[in-house]
Trainee: 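Before we start, here is the structure in question, set down as structure tokens.
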Amino acid sequence: MKDTIISLLEDALATLKQQGDLPQDIAPTIKVDATKDKAHGDYATNLALMLAKPAGKKPRELAEALVDALPASSAVDKTEIAGPGFINFFAATDAAAQIIPTVLDAGDTFGRSLTGQGQKVQVEFVSANPTGPLHVGHGRGAAIGDSLCRLLEATGYDVTREFYYNDAGAQINNLAASVQARAKGLGPDDESWPEDGYRGDYIVDVANSYLAGDTVHADDRHVTAKGDPDDLDAIREFAVAYLRREQDLDLKAFGVEFDVYFLESSLYEDGKVEATVERLIEGGHTYEHDGALWLRTTDFGDDKDRVMRKSDGDYTYFLPDVAYHLDKWQRGFKTVINEQGADHHSTVTRVRAGLQALETGIPQGWPDYVLHQMVLVTRSGVEVKLSKRAGSYVTLRDLIDEVGRDATRYFLVARRADSQLTFDIDLARSQSNDNPVYYIQYAHARVCSVLRKAEAEGLDFDRVQAMDQLARLDTDQEKALMNRLARFPEVVEHAAISREPQQIAQYLQDLAADFHTCYNAVKVMVDDPGLRNARLALGLATRQVLRNGLDLLGVSAPEEM
RNA sequence: GCGCCCAUAGCUCAACCGGAUAGAGCAACGGCCUUCUAAGCCGUAGGUUGCAGGUUCGAGUCCUGCUGGGCGUGCCA
């Protein structure tokens, strides 16, 4: 419908140019929007307002000229000029209903597009280090990142989900030392407990499993514990695998899977870290100072230079990060999106600076970032800070176990990434209308219930008759619902482009509200078979769009509640 | 101090790359189940979009400066 109007306006523009009413050289991008207010018709354009200045005409005069030049169309019932010069389009009454066969024919693919043209996109998200269970912040990253991937897939991109983790370096040594201490029967209060050791109870589990000689597998690796509490290397290897497996189980319970697990250690093994250092030195962007090797990141917009190689000879995390991103680029990803917590936002400038310093033709501002702000968890209005298992933070597993997967995913994805999020456990658990997840899922279950009833009464859906009678879907509530359905593809498109999955959550709430309103106003199971079938068709289409939308969020669409 | 993010109804949040009278839900008040799931619907009330300027025909949206909050500011990640 929107495209129809745009092409009508293009014709009108051409006509006006031909008549000399408009300069030849203007080529505006025509913007047609669904109206917020019914009184403004179904669609509106601000074209006349935009062209008023270059055309040297008054907006309303221009609008009139445009309307006069508009070709006739069966899709448009009438047009009006309103306000300062908006042109409002009133869709023909049965035009809105045409969305129903469109949805039914497209099925699961309704809302999908080929915009991405199969272009490769990599989304890196979660990327938690294997030093403990995933926390709520990782959960937010997982929910946003995965939903973003679903959106990109739906808009025709070839998406790779990637998880990068640090399995080398100081934190991992700390982990190994902590497990070893536990394996030797020490606790955090003992004097020989490692400084800054991990204190959570899960360390005890790892230690016990190690002593028991268990075998764990994670990321295509199988690691069998040696059981020797003095072999720190064996402990390190086992602990990493153990915690990676645990994180994977949490992610699986959350409905999130990855295509690639990338190990920081592999960058060292493959010589990519060394190669990166050499290249940076050759490029002349480094210098030695205080026994350390620095990269002059200030040449590329950073506010201070950064250490790449410490005076003890080890690299900081920064260098493998650069090597890793160079590897992404070399793998052919022109678009890379890193989803991370905003507490790591300082790496953005740094990584980009490092990549520029390599001088390999990587564009400035590559890669892209989606940063999410912190998550605060509350229960009974009080902040929840501790989990027994993790010691110092609320785990993703705690939330999934307590409020369920659907509500957890929904709550973590339904807010803009760049605003802080308060996760209210009481609200997420409540089975009431103040819980948006249930509100949307209930809409789906309700449609299913009606469809079940039709089936149970032997009143099978007659599509031919339904299509013939679509014009009878003429109540305000039905029209509003159909218009909402028609907007789904553009909402998906916009959410993907702006990388804001919360727009889908918002849309689904609106859609559910339109449906509930309709449900209360219009009875589907009426005696009149034509009307009944038309309404069943609307129900089927609504169910389809609810499903497609919920799927983009990774939330289930239950048939009964 | 410097950098990034945020500020919209009493509360939690929307607002489609600048558009028409800023919208939902919760909380408050009043209605609706002998009818397809009341986890629902209808109605009432609630606003100087933190403050002050600027750009524009038009600003919650863009720019500048303030105020308040979060995060960062390691030879940690």
Side-chain angles (χ1 to χ4, degrees), chain A residues 31 33-37 39-40 44-46 49-50 52-53 58-59 82-86 88 127 129 131 166 169-171 174 196 264 289-294 302-304 306-312 314-318 320-321 341-349 371-374 376 414-422 424 427 430-439 441-443 445-454 456-457 487 490-491 493-495 497-498 500 502-503 505-507 509-510 512-513 515-526 535 539 560-561:
Chain A
K31 210 177 140 209
D33 287 317
T35 53
K36 292 176 192 164
D37 187 341
H40 299 142
T45 184
N46 61 354
L49 291 167
M50 289 175 65
K53 195 166 247 180
K58 290 182 182 171
F86 291 98
N88 296 332
S127 292
N129 286 334
T131 54
N166 173 325
Q171 291 189 78
N174 188 12
D196 297 325
E264 183 188 12
H289 179 68
D290 290 344
L293 184 66
W294 296 67
D302 202 355
D303 53 6
K304 56 187 277 195
R306 306 292 168 176
V307 171
M308 301 194 309
R309 192 173 61 216
K310 299 185 274 183
S311 49
D312 67 5
D314 286 345
Y315 296 110
T316 62
Y317 72 94
F318 163 53
D321 265 9
D343 54 341
H344 286 187
H345 76 255
S346 59
T347 64
V348 176
T349 314
L371 302 177
H372 65 259
Q373 296 290 328
M374 302 295 94
L376 176 75
R415 300 280 172 256
R416 288 170 49 111
D418 53 14
S419 63
Q420 292 164 50
L421 170 66
T422 299
D424 182 338
L427 177 61
S430 75
Q431 300 200 347
S432 69
N433 53 2
D434 46 348
N435 187 335
V437 194
Y438 288 99
Y439 184 78
Q441 290 185 321
Y442 181 51
R446 255 183 158 179
V447 195
C448 291
S449 173
V450 175
L451 298 170
R452 269 197 306 274
K453 187 177 170 72
E457 293 181 11
R487 293 197 54 190
E490 63 184 87
V491 171
E493 192 80 32
H494 193 267
I497 288 170
S498 54
E500 295 188 349
Q502 93 280 353
Q503 291 181 11
Q506 183 69 32
Y507 171 83
Q509 277 191 76
D510 292 340
F515 169 74
H516 285 307
T517 296
C518 208
Y519 179 92
N520 279 277
V522 177
K523 189 170 159 98
V524 175
M525 296 304 291
V526 292
R535 287 177 178 170
E560 288 179 78
M561 291 177 76

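The sequence lines fix the lettering, A, B, ..., with proteins before strands; numbering per chain opens at 1.
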Trainee: Using the side chain to side chain donor-acceptor pair (under 3.5 Å) criterion, which residues pair with A:Q503? Sequence neighbours excluded.
Mentor: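 A:H494, A:S498, A:E500.
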Trainee: Counting the atoms with a prime plus P, OP1 and OP2 as sugar-phosphate, which does A:D424 contact under 4.0 Å by heavy atoms, base, sugar-phosphate, or nothing?
Mentor: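 Counting heavy atoms under 4.0 Å across all strands, no contact is made by A:D424.
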Trainee: Begin from the C-alpha positions of A:R306 and A:D303 and carry the test salt bridge (Lys or Arg N to Asp or Glu O under 4.0 Å) through to its verdict.
Mentor: CA-CA 10 Å; A:R306 306 292 168 176; A:D303 53 6; 3.1 Å; yes
Trainee: I'd like the P distance from B:C6 over to B:C17, given in whole Å.
Mentor: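 Per the computed distance, 16 Å lies between those P atoms.
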Trainee: Once you round it to whole Å, what is the distance between P of B:A39 and CD of A:Q509?
Mentor: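 Answer to the nearest Å: 18 Å.
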Trainee: Apply the test salt bridge (Lys or Arg N to Asp or Glu O under 4.0 Å) to residues A:K31 and A:D33: give CA-CA distance (whole Å), side-chain angles for both, the deciding distance (0.1 Å), then the verdict.
Mentor: CA-CA 7 Å; A:K31 210 177 140 209; A:D33 287 317; 3.6 Å; yes
Trainee: What is the separation between atom CZ on A:R415 and atom P on B:A7, rounded to the nearest whole Å?
Mentor: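 Going from CZ in A:R415 over to P in B:A7 covers 13 Å.
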Trainee: So, does A:N129 use its side chain to make a donor-acceptor pair with the main chain of A:N166 at under 3.5 Å?
Mentor: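 Yes: the side chain of A:N129 pairs with the backbone of A:N166.
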Trainee: Rounded to whole angstrom, note down the P distance from B:G60 over to B:A77.
Mentor: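 Result for the P pair: 45 Å, nearest Å.
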Trainee: Check the distance between B:A14's C1' and A:R416's CZ and give it to me in whole angstrom.
Mentor: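 Distance, rounded to whole Å: 10 Å.
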Trainee: So, does A:Y439 get its side chain near the phosphate of B:C41, meaning an N or O under 4.0 Å from OP1 or OP2?
Mentor: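 Checking A:Y439 against B:C41: at least one side-chain N or O falls below 4.0 Å of OP1 or OP2.
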Trainee: Is any side-chain heavy atom of A:L49 closer than 4.5 Å to a side-chain heavy atom of A:P84?
Mentor: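 A:L49 reaches A:P84 side chain to side chain.
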Trainee: Syn or anti for B:C33, taking syn as within 90° of 0?
Mentor: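 Syn, since the glycosidic angle lies within 90° of 0.
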Trainee: Protein-nucleotides 33-37 of chain B N/O pairs closer than 3.5 Å?
Mentor:
| unit_1 | atom_1 | unit_2 | atom_2 | d |
| --- | --- | --- | --- | --- |
| B:U35 | O2' | A:K523 | NZ | 2.6 |
| B:C36 | O2 | A:M525 | N | 3.2 |
| B:C36 | N3 | A:V524 | N | 3.0 |
| B:C36 | N4 | A:Y519 | O | 2.6 |
| B:C36 | N4 | A:V522 | O | 2.7 |
| B:U37 | OP1 | A:S449 | OG | 2.2 |
| B:U37 | OP2 | A:S449 | OG | 3.2 |
| B:U37 | O2' | A:Y442 | OH | 2.0 |
| B:U37 | O2' | A:R446 | NE | 3.1 |
| B:U37 | O4 | A:M561 | N | 3.1 |

Trainee: In terms of side-chain heavy atoms, does A:R446 have a donor or acceptor partner in A:H516 at a distance below 3.5 Å?
Mentor: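 A donor-acceptor contact under 3.5 Å links the two side chains.
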Trainee: Ignoring backbone atoms, establish whether A:T517 has a side-chain N or O less than 4.0 Å from OP1 or OP2 of B:C42.
Mentor: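 Yes, such a contact exists.
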Trainee: Is the shortest side-chain heavy-atom distance between A:R535 and A:V526 below 4.5 Å?
Mentor: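 Side chain of A:R535 against side chain of A:V526, heavy atoms only: contact under 4.5 Å found.
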Trainee: Is there a side-chain contact between A:R416 and A:Q373 (heavy atoms, below 4.5 Å)?
Mentor: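 Side-chain contact under 4.5 Å: no.
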Trainee: Please enumerate all protein N or O atoms sitting under 3.5 Å from an N or O of nucleotides 54-57 of chain B, with distances to 0.1 Å.
Mentor:
| unit_1 | atom_1 | unit_2 | atom_2 | d |
| --- | --- | --- | --- | --- |
| B:C57 | OP1 | A:K53 | NZ | 2.5 |

Trainee: Using the C1' atom as the point on both nucleotides, what is the distance between B:G74 and B:G69, in whole Å?
Mentor: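 Straight-line distance between the two C1' atoms is 25 Å.
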Trainee: Starting at atom CD of A:Q502, determine the distance to atom P of B:A24, rounded to an integer number of angstrom.
Mentor: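 For the pair A:Q502 CD and B:A24 P, the rounded distance is 19 Å.
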Trainee: Separation of A:N46 atom CG from B:C16 atom P, in whole Å?
Mentor: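 Nearest whole value for this atom pair: 14 Å.
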Trainee: Which part of the nucleic acid, if any, lies within reach of A:A44 when heavy atoms closer than 4.0 Å are counted: base, sugar-phosphate only, or nothing?
Mentor: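 A:A44: base contact, heavy atoms under 4.0 Å.
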Trainee: Please measure how far the P atom in B:C57 lies from the corresponding atom in B:A45, and state the result in whole Å.
Mentor: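 Approximately 37 Å lies between the P atom of B:C57 and that of B:A45.
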Trainee: Do A:Y519 and A:V524 make a side-chain contact, defined as non-hydrogen atoms from C-beta onward lying under 4.5 Å apart?
Mentor: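 Counting from C-beta outward, A:Y519 and A:V524 never come under 4.5 Å.
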Trainee: Counting runs of three or more consecutive pairs, Watson-Crick or G-U wobble, with each distance below 3.5 Å, where are the stems of RNA chain B?
Mentor: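 Detected stem regions: B:1-7 with B:67-73, B:10-13 with B:23-26, B:28-32 with B:40-44, B:50-54 with B:62-66.
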Trainee: Measure OH/A:Y507 against P/B:A15 and give the value in whole Å, please.
Mentor: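 So the two atoms are 15 Å apart, to the nearest Å.
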Trainee: What is the per-nucleotide protein-contact pattern of nucleotides 70-77 of chain B, from the 5' end, where B denotes a base atom under 4.0 Å from a protein heavy atom, S denotes such proximity for sugar-phosphate atoms only, and - denotes neither?
Mentor: SBS-SBSB
Trainee: I'd like to know if the side chain of A:W294 and the backbone of A:M308 have a donor-acceptor N/O pair within less than 3.5 Å.
Mentor: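 Absent.
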Trainee: Apply side chain to side chain contact (heavy atoms under 4.5 Å, CB included) to A:T316 and list each qualifying residue two or more places apart in sequence or on a separate chain.
Mentor: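 Partners of A:T316 by the side chain to side chain contact (heavy atoms under 4.5 Å, CB included) criterion, ordered by chain and then number, come out as A:V307, A:K310, A:F318.
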Trainee: Between B:G23 and B:A15, how far apart are the P atoms? Round to whole Å, please.
Mentor: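 To the nearest whole Å, 14 Å.
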Trainee: Between B:G46 and B:G10, how far is it from one P atom to the other, in whole Å?
Mentor: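 Going atom to atom, P in each nucleotide, I get 11 Å.
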Trainee: Quickly work out the A:Y438 OH to B:A38 P distance and round it to whole Å.
Mentor: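 Value for this atom pair: 18 Å.
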Trainee: Identify whether NZ of Lys or CZ of Arg in A:R487 sits under 6.0 Å from the centre of the six-membered ring of A:Y507 and within 45° of that ring's axis.
Mentor: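 No, A:R487 does not lie over the aromatic ring of A:Y507.
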Trainee: Between B:C5 atom P and A:L376 atom CG, what is the distance in whole Å?
Mentor: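 Rounded to whole Å, this separation is 22 Å.
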Trainee: Indicate the atoms forming the closest heavy-atom contact of A:Y439 with A:A513, along with that distance.
Mentor: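 Nearest heavy atoms, A:Y439 then A:A513: OH-CA, 3.0 Å.
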Trainee: B:G54 and B:C75: how far apart are their C1' atoms, nearest whole angstrom?
Mentor: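 Here B:G54 and B:C75 have their C1' atoms 45 Å from each other.
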Trainee: Taking C-beta and beyond as the side chain, do A:L293 and A:Y315 meet within less than 4.5 Å on heavy atoms?
Mentor: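 When only atoms from C-beta onward are counted, A:Y315 and A:L293 do not touch, as no gap falls below 4.5 Å.
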Trainee: Between B:G53 and B:G72, how far apart are the P atoms? Round to whole Å, please.
Mentor: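 B:G72 and B:G53 have their P atoms separated by 35 Å.
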